[in-house]
Protein chains: 2
Amino acid sequence: MAGKEQLTIRLSEVDNVVVARADILPETEISNEAVTTAAHIPAGHKVATRPIAKDEAIRKYNQIIAFATRDIAAGEHVHTDNAEFRSFARDYAFCEDMRPTQYFTGDAVANFQGFVRPNGSVGTRNYIGILTSVNCSATVARYIAESFPKDELANYPNIDGVVSFVHSTGCGMANSGEGYANLQRVLWGFAQHPNFAGILMVGLGCEVNQIDFLLDAYNITPGPTFQTMTIQDTGGTRKTVARGVDMIREMLPAANAYSRQTVSASHLTLALQCGGSDAYSGITANPSLGAAADLLVRHGGTAILSETPEIYGAEHLLTRRAVNEAVGQKLVDRIEWWEEYTRINSGSMDNNPSPGNKKGGLTTILEKSLGAAAKGGTTNLTDVYKYAEPVREKGFVFMDSPGYDPCSITGQVASGANVVCFTTGRGSVYGCKPSPSLKLATNTAMYRRMDEDMDINCGQVTDGDATIAEMGEQIFNRILEVASGSQTKSESLGFGDDEFIPWQIGAVM
Amino acid sequence: MAGKEQLTIRLSEVDNVVVARADILPETEISNEAVTTAAHIPAGHKVATRPIAKDEAIRKYNQIIAFATRDIAAGEHVHTDNAEFRSFARDYAFCEDMRPTQYFTGDAVANFQGFVRPNGSVGTRNYIGILTSVNCSATVARYIAESFPKDELANYPNIDGVVSFVHSTGCGMANSGEGYANLQRVLWGFAQHPNFAGILMVGLGCEVNQIDFLLDAYNITPGPTFQTMTIQDTGGTRKTVARGVDMIREMLPAANAYSRQTVSASHLTLALQCGGSDAYSGITANPSLGAAADLLVRHGGTAILSETPEIYGAEHLLTRRAVNEAVGQKLVDRIEWWEEYTRINSGSMDNNPSPGNKKGGLTTILEKSLGAAAKGGTTNLTDVYKYAEPVREKGFVFMDSPGYDPCSITGQVASGANVVCFTTGRGSVYGCKPSPSLKLATNTAMYRRMDEDMDINCGQVTDGDATIAEMGEQIFNRILEVASGSQTKSESLGFGDDEFIPWQIGAVM
Ligand SMILES: [Ca+2]
Ligand SMILES: [Ca+2]
Ligand SMILES: [Ca+2]
Ligand SMILES: [Ca+2]
Ligand SMILES: [Ca+2]
């Protein structure tokens, strides 16, 4: 365990800089690094731990974040006046950093208590879901779900709830193209998610996003635990609610027949997310979550990194971890798609560190994006997926999405995530259904102020109470408990009924 | 009143075509038009009522919808083989069709019972609203509203309810530009809407759409009935819900002090909307609603036409009704904006009648868009507004929006609409808060099938039970009753908690 007396945080053994835990005065001895500061090092900023020659790479997170623009002595403040971004970085060097994964085997593989579905997939929760094809069926879906409050389900103790997923789109949109494909993938991803024992899809009838098109696209035949209906065919609000309530009542015995059984952690698919980031996100919670992701991968599970705009500029470090060139190229293709998407929308991906970022100690866009990418740990990138596309590969994967939390997580859950870890510095109160979401605070002050919403305090790293590896183990163990049924803070508070946000692309017509 | 025996519908005295009420066989005498059909006229299709010379204009709704491509005899089927679109139509001819409005005066002006606010605006309902800056505060806002069920408000009989407005955006977006401006206008439009006696705005704290920016932009100072807070400042979910409940509890006495009083119909602002349209929309419900809009304008009130993609191709007929060139030019500017918006999003505005439209009897894009524009009646176009911009002019105005119902109506209500009329052929179950929404069925079959959701049956026109002028009066009288407190079907069913959809423009980041 890192001692409380330590003034700095070392993110990797091979780094030539460390990060100030708090403001450090000039001429201060940093005993564990055997250097003395040559200048004031503000909290979150970097100090050199050995001499760095002009043009030598500056390493943080065991990654190149910049190059020295002059010789830098041990103890110097490393920032924009002696370090800079260089374009070497854009060499994708596919697979160059691929390493064999040190899998746990036999009895060493972790277990959890999950719901095993007929197709072999494993749920961490046991909900009945009501999906909507369009906003026009939102209220009806909500009313059906509201007909099954806790006391109505008292005889079905294995069911976690009946939950509706309402959204703001499904009509007034093109009936083809990327926006339409996103919505279809999200709906179908939820429909087949292992955290559901049964699904009812409710449409209006005349919407662009026809339920029948979805059934056709995925070759689905409705059955006792997968029902569909439209309001127009059923004859209006009241009749549709009544019929939907009947349909779900008939699903309850089959849903309740599922019970938790011991399964390997390889059945966990973890959504990695950050939101409301601060200067500590990339130092405490994100690398700690990365350490947990590494553990999960070594236990045979899957971790999904996303939020493409937030890894922009560091994508070449992911392509180097790709298991083959095709996987690396998929990531490059998504990056190029985003450059075009933002360009036609009068935006830009080129968010070089802002003045606020620089004040917080971030020297280059690489360093900034590395802080976000640190959630992805260090194992090989086994595949790259479009938004809400089903994740089929085990290991560390990437799913394309915006950085916007509820929209990104909606895609990750549709891709198959059955547990979510969300790091936050400013303090998000996000919660998800049907997948439990753990919130990881980046700093102790916010953790204490919002302790009713935060699950884990990664501020322990800067407080000197835990190393990143130790935090990674804490997080991984908590993931296993939560996957086995232990409630997250956001579940206890009841979140997840208003956070379903399929990624809208294209004109609203 | 039109006799039940009539086979056709005449949309204007000056038209040279009428529309078949149902399939008409060849050689059938249409007695009221004194013509005999020369061919089979399918339901919804047009028949010539007098000879039309080659190149002469074909008129429906007292508008040019096409030109004859050859001489057409009385009784002939008028469709794509003898009529065509000609580009004359693109002559905007600003103000050419402007006519003096026949205002009602003195005792003839209709009244209703409304809630008069301190600034002189008049509400048709008396809600307390909880607005959210971002999806991240949606669940907290919902919980605050759910703390005030009907029995909690039993001592406050003049309050219609406490309602939260949750949405899917507010972060992961640009902090300037059209999407951001739309969201700010919607939030501020709702915040100052006369149907609210009090407003609480809830944010997370770190979102792009900062509450403080909104307050700055509109120069607002919070007070007892306009409160704001963020979850991060307040310290998390539970504390924010508790504080929000306290804030609203303190607003209840002041909100309940409002009671209905007699005011002129000039204080009504009517949102005109159609959705789930069918072949009868442009023949029954839309022109009937247009007749009601004309009445409202003649009583000094305001009617807002919207859904820009659905008037496309007929915009020159609105510019001709413009009160001045500047107003006409504003509409042209919005049309050009839409051409660019759809172009960069790989779409097109050029929805010439589709095969389905043509089968239904629509010959040209003009005729199609005229059916939608018929909701706007015949009075002068007094102004044109951007989405959710406050409507300041009385009379018939246009507010730019998509056709997508909940998104368009969200903008119309933000612009000031305190009552909504929504025509539907296929059968929408839409409902709104805070403004009551009447649903007008275009055909009797759907009205009967969905009678628990439909307020008015405009199928009476095709059934021969009412003329369009008579339907317009029915609608207008029902608007006055509803504005005075009578519940619409969608209000009785409780709609309006999931239909708040600000128009998102731009990349989700
Ligand atoms: Ca995020
Ligand atoms: Ca809830
Ligand atoms: Ca929503
Ligand atoms: Ca519409
Ligand atoms: Ca409701």
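Not measured: the values here are computed from a predicted model.
- The two residues Gly506(A) and Asn345(B) come nearest to each other via the heavy atoms CA-OD1, 3.4 Å.
- With a threshold of 4.5 angstrom between heavy atoms, Arg449(A) approaches chain B through its backbone and through its side chain.
- Note that OG of Ser346(A) and CD1 of Ile344(B) are 6.0 Å apart. Values are rounded to the nearest 0.5 Å.
- When the candidates Gly236(B), Gly172(B), Ala507(B) are compared by the number of heavy-atom contacts under 4.5 Å with chain A, Ala507(B) comes out ahead.
- When atom types are taken as modelled, the side chain of Tyr341(A) and the backbone of Met509(B) share no donor-acceptor pair closer than 3.5 angstrom.
- Within a 6.0 Å radius of NZ in Lys386(A), other residues, nucleotides and ligands contribute 12 heavy atoms or fewer.
- Taking CD from Glu207(A) and OG from Ser428(B), the interatomic distance works out to 10.5 Å, rounded to the nearest 0.5 Å.
- Of all the heavy atoms in Tyr143(A) and Leu493(B), the pair that sits closest is OH-O, 2.7 Å.
- Between His167(A) atom NE2 and Asp498(B) atom CG the span is 11.0 Å, to the nearest 0.5 Å.
- In terms of heavy-atom proximity, Tyr404(B) sits nearest to Val134(A) at OH-CG2, 4.2 Å.
- Annotation for Ser168(B) and Ser168(A): closest pair OG-OG, 3.2 Å, computed over non-hydrogen atoms.
- The most heavy-atom pairs under 4.5 Å with chain B, out of Gln504(A), Glu307(A), Arg238(A), come from Arg238(A).
- Residues Thr237(A) and Glu452(B) bring no donor and acceptor atom of their side chains to less than 3.5 Å of each other.
- Leu204(A) touches chain B through its side chain: at least one heavy atom from C-beta onward sits under 4.5 Å away, while N, CA, C and O do not.
- For Cys171(B), the parts lying under 4.5 angstrom from a heavy atom of chain A are both the backbone and the side chain.
- Here Asn135(A) contributes atom CG and Tyr430(B) contributes atom OH; the two are 8.5 Å apart, rounded to the nearest 0.5 Å.
- Phe495(A) contributes atom CZ, which lies 10.0 Å from atom SG of Cys136(B) (distance to the nearest 0.5 angstrom).
- With rounding to the nearest 0.5 Å, the separation of CD1 in Ile231(A) from CG in Asp453(B) is 8.0 Å.
- Contact tally against chain B (heavy-atom pairs below 4.5 Å) for Met446(A), Met173(A), Arg426(A): the top residue is Arg426(A).
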